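These notes concern the structure reproduced below.
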Amino acid sequence: MLEASPAPMILEAHDVSRRYGRSWAVRRVSLAFAEGSVTAILGDNGAGKSTLLQLLAGLTRPSEGEVVSFGESLAQFPSATVRRKMAVLQHLPGIYSDLSGRENLTFFTKLYGRAPDGVAEQLAFVGLAEAADRAARTYSRGMVQRLALARVMLQGADLWLLDEPTTGLDARGVAMLADVIAKGKAEGKTIVAVTHDLPALGPSVDRVVRLAGGRLVVAA
Amino acid sequence: MKTVWLILSKDVLVELRTREVMLTMGLFGVLIVVIFAFTFQLGNDHVIKEVAPGIIWVTLAFSGNLGIARVIDRERESGVMQALLLSPAGPATIFWAKALGVFIFIVATQLVVMPLALVFVGINAPAEGILLLTGGIVLGALGFALIGTLFGAMLADVRLREVLIPVIVFPIIIPVLIGGAELALIALADQPPIDQTRLAASARWMAIMGGFDLVYLALAPWLFQRVMVD
């Protein structure tokens, strides 16, 4: 009987550190993320979780070490090929407040060179079908977060990097987030989520890592 | 080019919906013209033609500064700039779209404010003069949009950016301001039609402004890419 070959690593951090002034936000972190896996990064405030996510996204360059995404070193800003394969939800949602939910999703879908066919479906999936044509500035924080999650899903990326995806979500929103992650996993996405709230990510999480003081303290 | 158009058309759509940039720039521009008209107590035709270029270019610089701050603010709020940077569009494409937007907003505002300024100060400029003046404004607005977008984006997260942007941008665009004011002086001069000597002087100033624009057309997107990433 043939043994299944292990999934390839599509994102790797090799001994990565990031310093701001004299303090280290992230210190000598090494992690690898297998294709199709769901990883939760936990840690207290100031543990370095968001900085690590910025390093993994290529938005911040490491002071030491190297991040490799889809085989490409992120010592420089990620190439268009890597950016196309990566969807990032940052702490700020990245939504235009003067555009409606539908217009926001249509804009970002086109920005990724995709046809905006799935916009209505994704809006319904995140529970925004009725608010789709209202300006995003009229949305609550939770609705904006739902819209931002729909944006991530519509980009068609293979890798999702989510920074505190539960921000502003109510109980139904949290349940929806678990569905989003489960759907992403079923589609073979590699998901890395920084959070305080592990249960909110649902049962799809394969691995939990914990940061404290910028260092990796648990990598299960 | 398709992506530049996508981002630009989004900016225009938002502007048509909110009218924040054009209305602010236009009202501010008109206010500057009115203040100049009163404070100079214009009545002497010769004095009017001497100060009119200054009025037009001060209006462009200060109202343009307001426009830049607002256009960049739209991308800063809610972290949209980082979402754009991480898209396949890339920093240079984003720069072109934003700079083009600023350029269009400045030119559109000046197309309203400039005739108003001429009416307020009582100048009846000849057709070729208006053409020259418009050419200068287009070249000046381009240089201003390139430099303004670059530094506006660089300083987007800095406190007191509304103060810092003009403090940094205005000294850099001095060649454009001088060229534009000289062109306006020729355009509004007393003796129509514009003769060969004045045409040659106009061509010289336009070449200086065009040269400035060309340098920053090449340099600004590259610098934007360097400064916006980490």
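Each chain gets a letter, A, B and so on, in the order its sequence line appears, and its residues count up from 1. These numbers were taken from a predicted model, which means no experiment stands behind them. In what follows, every heavy atom counts, from backbone to side chain, and hydrogens, waters and symmetry copies are set aside.
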Among B/Ser9, B/Pro88, B/Ala89, B/Ala83, residue most engaged with chain A (heavy-atom pairs, under 4.5 Å)
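Option with the top pair count is B/Pro88.
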
Who wins among B/Val80, B/Val14, B/Leu85 for the most heavy-atom pairs under 4.5 Å with chain A?
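Sorted descending by pairs with chain A, the first entry is B/Val80.
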
Is the shortest heavy-atom distance from the side chain of [X] to the side chain of [Y] under 4.5 Å?
X: A/Tyr96; Y: B/Glu75; answer: yes
X: B/Lys10; Y: A/Lys110; answer: no
X: A/Leu92; Y: B/Gln82; answer: no

Closest-packed option against chain B by number of heavy-atom pairs under 4.5 Å, given A/Ala80, A/Ser97, A/Pro93, A/Pro78
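Among A/Ala80, A/Ser97, A/Pro93, A/Pro78, the one with the most close pairs to chain B is A/Pro93.
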
Side chain, backbone, both or neither: which part of B/Ile7 has a heavy atom under 4.5 Å from chain A?
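Both backbone and side chain of B/Ile7 come within 4.5 Å of chain A.
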
Check whether any side-chain N or O of A/Arg83 sits under 3.5 Å from a backbone N or O of B/Ser87 as a donor-acceptor pair, and report yes or no.
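Checking the backbone N and O of B/Ser87 against the side chain of A/Arg83, a donor-acceptor pair under 3.5 Å is found.
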
Heavy-atom distance under 4.5 Å to chain B: side chain of A/Ile95, backbone, both or neither?
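For A/Ile95, the backbone is the part near chain B, not the side chain.
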
For A/Tyr112 and B/Leu86, which heavy atoms make the closest approach, and how far apart are they?
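Taking every non-hydrogen atom into account, OH-O, 3.5 Å.
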
What is the distance from atom CG of A/Leu111 to atom OG1 of B/Thr93, rounded to the nearest 0.5 Å?
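Interatomic distance, A/Leu111 CG to B/Thr93 OG1, rounded to 0.5 Å: 9.0 Å.
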
Would you be so kind as to tabulate the donor-acceptor pairs closer than 3.5 Å made by side chains of residues 146-153 of chain B, with sequence neighbours excluded?
{"unit_1": "B/Thr149", "atom_1": "OG1", "unit_2": "B/Ala145", "atom_2": "O", "d": "2.5"}

